[in-house]
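The structure appears right after this line, and notes come after that.
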Amino acid sequence: MIKIKNLVKRYNDIYAINNINLDIEDGSFIGLVGPNGSGKTTLLKLIFGYCRPTSGEIEVDGKHPGVEIKSTTAFYPEYDSTYHWMKAKDLIKWYSGFFPDWNKEKEKNLIDFFNIPTHRYVAHLSKGLRAKLKLVLTLSRDAKIFLLDEPLSGIDPASRANITSGILKAYREGQTFIFSTHIVTDAEMLFERTIFMKDGNVAIDGESDALREKYGKSMDQIFKEDLYG
Amino acid sequence: MGRLFKKELLGEKNWILGFCGFVLGVNFLFLPLAKVTEGFMAMMVIFFTLPAFPLMTLVRSFLILKNEWDSNTNFLLLSLPLRGYNIVLSKVGVLAVEIFLYVFLVFLVPYIMLTGFTNQFSLDVLTFSKLWFLTAFRILLIVPFAMFSYLFGRIFSRAQGWITAGSLIGLLVIYSRYLHFGRKIFSYLPEVSMSFTLAGDVETFSLNIATMMATFLFSVILTLASCFFIEKAEL
């Protein structure tokens, strides 16, 4: 379970996160939705321990973010974080060796599903393939929590569908997924709960079906018309 | 740590091969002159190549970390469930391999030239080994200064470049003040003397081990602090 209390993250005079309180139960698939600069990436980075809060508290299964939670939590960064001088298969082999929860079968299924030419150097892969390679590195684990930061960003529409299917394929009962995106259409069918963020704050938070019923609109329409229109 | 070290070594492969090629190339360029000048030019190679190493080590130590940040691979590296010392020590380890290799090559070719082409110079293998080890080790002690400054800058979310530069200058000031005190701690250690024969005369020189050990202690503290800072770095 992830508990966030009075969380604030400030860069100079800008509040990237402005007093957020959230409880995230185990085993839920959560959409973290908002435009660029709304604080989605900062929130995920704070949960994983990539940066430290200005004030407030985060607990992941009773532990503070940092090295301790990295063996149970997987993070997909928005940026291309792969070593370009490695071959894709060598990168996977190297990275997998650090995680006791690495699932070889999942790795193989995801490589086949995304059709990644693992014999090629990472530098020679397209942007889309590199994003899929990062997904293999993230999703091949049997981690408890998955933090996916904009996995659809910069990906063409055809590949987006492929990526969301891949994520759904990797999802197992009991695992918690937090999926941040500003492209709601392609991913909203995944979300059990949706958290809309605006200016570093939670603007709307609720069960996706309940929100659809309440607003009488799809998530995408709520995103475009009610919140950021 | 072995896995990380292997990755670092492979990542640095091209740089290592390139620099080894440069050192050997410079030496062999001077080879014909060494024959004519009875080894004098070989000594010149050492004089010209070696002083560049401390500066190069300082820059390399910055770059080995900065490259991770610039290419966003820090996200992958710091997603590993490892304590900071694994990451820092694997990088220090690779830099150690590089420095020991370069210094070995810088000394080796002139050593062969001097002892092979002139009959006026002699240096035994043990002294050669001592000279190589102590020179490389002293250069290696620069690494923690650069790493500490870079990682100290990274724990702040703003003005990271200024903090890095400022902390390096601050460190050098603190180090210069500490050195007097540090030397006293290790004053019981004897100086290491080495000698070589030149034109029939035995020349002896000595190295101050107390200064080296005081610097080593300071570097160990900086390395421990770096291990802590890398876990606190802001991405």
Side-chain angles (χ1 to χ4, degrees), chain A residues 9-14 16-17 41-42 44-46 48-54 63-87 90-102 122-123 130 133-134 137-138 141 143 146-147 149, chain B residues 1-18 63-65 67-91 94 151-163 226-235:
Chain A
K9 178 67 182 175
R10 207 180 66 203
Y11 294 104
N12 297 334
D13 298 330
I14 298 161
I17 297 290
T41 298
T42 308
L44 292 184
K45 288 202 299 196
L46 284 164
F48 195 62
Y50 276 154
C51 53
R52 281 163 293 116
T54 307
K63 293 173 192 156
H64 290 293
V67 180
E68 289 78 14
I69 68 155
K70 286 174 185 170
S71 51
T72 54
T73 309
F75 188 94
Y76 173 93
E78 181 186 1
Y79 311 104
D80 179 8
S81 58
T82 52
Y83 289 103
H84 288 199
W85 53 268
M86 280 187 178
K87 283 184 178 172
D90 294 334
L91 179 62
I92 296 168
K93 192 179 166 196
W94 173 75
Y95 193 71
S96 66
F98 291 101
F99 297 99
D101 62 359
W102 193 266
V122 176
R130 284 207 287 265
L133 175 62
K134 276 193 294 165
L137 295 177
T138 311
R141 292 176 55 194
F146 290 84
L147 306 171
D149 185 21
Chain B
M1 187 140 49
R3 233 168 227 284
L4 265 185
F5 179 75
K6 195 178 159 195
K7 188 274 288 178
E8 294 296 340
L9 204 57
L10 287 172
E12 296 295 307
K13 185 182 65 186
N14 291 342
W15 175 267
I16 294 171
L17 289 175
L63 289 181
I64 205 167
L65 287 166
N67 286 345
E68 300 275 8
W69 258 260
D70 288 350
S71 57
N72 291 318
T73 48
N74 52 355
F75 280 95
L76 199 70
L77 192 64
L78 295 177
S79 72
L80 301 173
L82 299 172
R83 305 269 13 158
Y85 71 85
N86 288 286
I87 298 168
V88 170
L89 292 185
S90 66
K91 287 186 185 294
V94 168
L151 292 171
F152 184 68
R154 289 286 143 183
I155 61 170
F156 296 91
S157 52
R158 57 179 170 171
Q160 293 170 329
W162 287 107
I163 293 167
S226 302
C227 298
F228 174 75
F229 289 149
I230 201 164
E231 287 184 19
K232 304 287 172 201
E234 291 260 332
L235 269 65

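Lettering follows sequence order; numbering is per chain, from 1. Since this is a predicted model, take the numbers as computed values, not measurements.
Contact annotation: the side chain of Val88(B) approaches that of Leu151(B) to within less than 4.5 Å [non-hydrogen atoms, C-beta and beyond]. A heavy-atom distance below 4.5 Å is found between the side chains of Tyr83(A) and Lys7(B).
Within the 3.5 Å criterion, the main-chain N or O of Ser81(A) finds no donor-acceptor partner in the side chain of Lys134(A). For Lys70(A) (side chain) and Leu78(B) (main-chain N/O), a donor-acceptor pair under 3.5 Å exists by modelled atom type. Remark: side-chain polar atoms of Arg52(A) are paired, donor with acceptor, to backbone N or O of Lys232(B) under 3.5 angstrom. The main-chain N or O of Leu4(B) is never found under 3.5 Å from a side-chain atom of Ser90(B) such that the two would form a donor-acceptor pair.
Within the 4.5 angstrom heavy-atom criterion, no atom of Lys6(B) approaches chain A. Contacts of Ala159(B) with chain A are absent, with no heavy-atom separation under 4.5 Å from either backbone or side chain. Proximity to chain B (any heavy atom under 4.5 Å) is shown, for Tyr50(A), by both the backbone and the side chain. Heavy atoms of Asn12(A) lying under 4.5 Å from chain B belong to its backbone as well as its side chain. Looking at Ser79(B), the atoms closer than 4.5 Å to chain A (heavy atoms on both sides) sit in the backbone and in the side chain alike. Both the backbone and the side chain of Ser71(A) come within contact range of chain B, with heavy atoms under 4.5 Å apart. In this structure, the portion of Leu137(A) lying under 4.5 Å from any heavy atom of chain B is its side chain and not its backbone. Only the side chain of Leu91(A) has a heavy atom closer than 4.5 Å to any heavy atom of chain B.
Salt bridge annotation for Glu68(B)-Arg154(B): absent, with no cationic side-chain nitrogen under 4.0 angstrom from a carboxylate oxygen. Salt-bridge formation is detected for the pair Arg83(B)/Glu68(A): a Lys NZ or Arg NE/NH1/NH2 atom is positioned less than 4.0 Å from an Asp or Glu carboxylate oxygen.
The two atoms that bring Leu235(B) and Cys51(A) nearest to each other are O-CB, 4.4 Å, heavy atoms only.
Between chain A and the options Leu82(B), Thr73(B), Leu10(B), the largest number of non-hydrogen pairs under 4.5 Å is found for Thr73(B). Here Asp80(A) is the residue among Asp80(A), Thr73(A), Thr72(A), Ile69(A) with the most heavy-atom pairs under 4.5 Å with chain B. Put simply, of Gly84(B), Ala233(B), Pro81(B), the one with the most heavy-atom pairs under 4.5 Å next to chain A is Pro81(B). Contacts with chain B were tallied for Trp94(A), Phe48(A), Phe99(A), Tyr95(A); Trp94(A) has the most, counting heavy-atom pairs under 4.5 Å. For the set Gly66(A), Pro77(A), Gly97(A), the entry with the most heavy-atom pairs within less than 4.5 Å of chain B is Gly97(A).
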